[in-house]
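The structure that follows is given in the form of structure tokens.
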Amino acid sequence: MADSPAPLPDDARCPCGSGDVLGACCGPVLRRERRAPTAEALMRSRYTAFAVQDLEHLLRSWHPTTAPSREDLAASLAEEVRWLRLEIHSTTAGGPFDDAGTVEFTAISKGPHGRSVQHELSRFVREHGVWLYLDGRVD
Ligand SMILES: [Zn+2]
């Protein structure tokens, strides 16, 4: 298994594209200092986790019924992928008082086989106050 990459400093631009710095955006969620208050915030933190290869955050924010195995996820994170941009198109529900929500987004990355544009409608559920990624419909 690959070593963890050097962590991004808190004053770096957050990979999720919010326009904020990591330390005021996804950083505290990845470090478990703060829970993602909304489905969108969790989605952003998961994009950032892919970008910085935070395997633990991806696993714990994935619903246990749909999560990949640690080995499979580690293998996919080990691929040479640069996450270039995240665009959130729309959300439904997913707020602090909801139990479910959706986020529609496009994630643009560049891997060994070229540039990839992934358009997905993701479903999230909130269990015991914690937002989890359930699944996504990719087109
Ligand atoms: Zn962020």
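Indexing begins at 1, ligand by ligand and atom by atom, following the structure's order.
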What I want to check is whether the side chains of Ser122 and Glu120 have a donor and an acceptor closer together than 3.5 Å. yes

Would you say that Met43 contacts Phe105 through its side chain, given a criterion of any heavy-atom pair below 4.5 Å between the two side chains? yes

Going by chain and residue number, what protein N/O/S atoms come nearer than 2.8 Å to the Zn ion (ligand 1)?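 You should have found Cys14 SG, Cys16 SG, Cys25 SG, Cys26 SG.
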
Could you tell me whether Asp10 and Arg31 make a salt bridge, using a distance below 4.0 angstrom between a side-chain N and a carboxylate O? yes

Considering residues, nucleotides and ligands other than Arg123, do more than 12 of their heavy atoms fall under 6.0 Å from its CZ?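 No, not enclosed.
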
Please tell me if the side chains of Glu80 and Lys110 come closer than 4.5 Å, counting only heavy atoms from C-beta onward.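 In short, these two side chains do not touch, never coming nearer than 4.5 Å.
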
Looking only at side chains, do Glu104 and Ser90 share a donor and an acceptor under 3.5 Å apart? yes

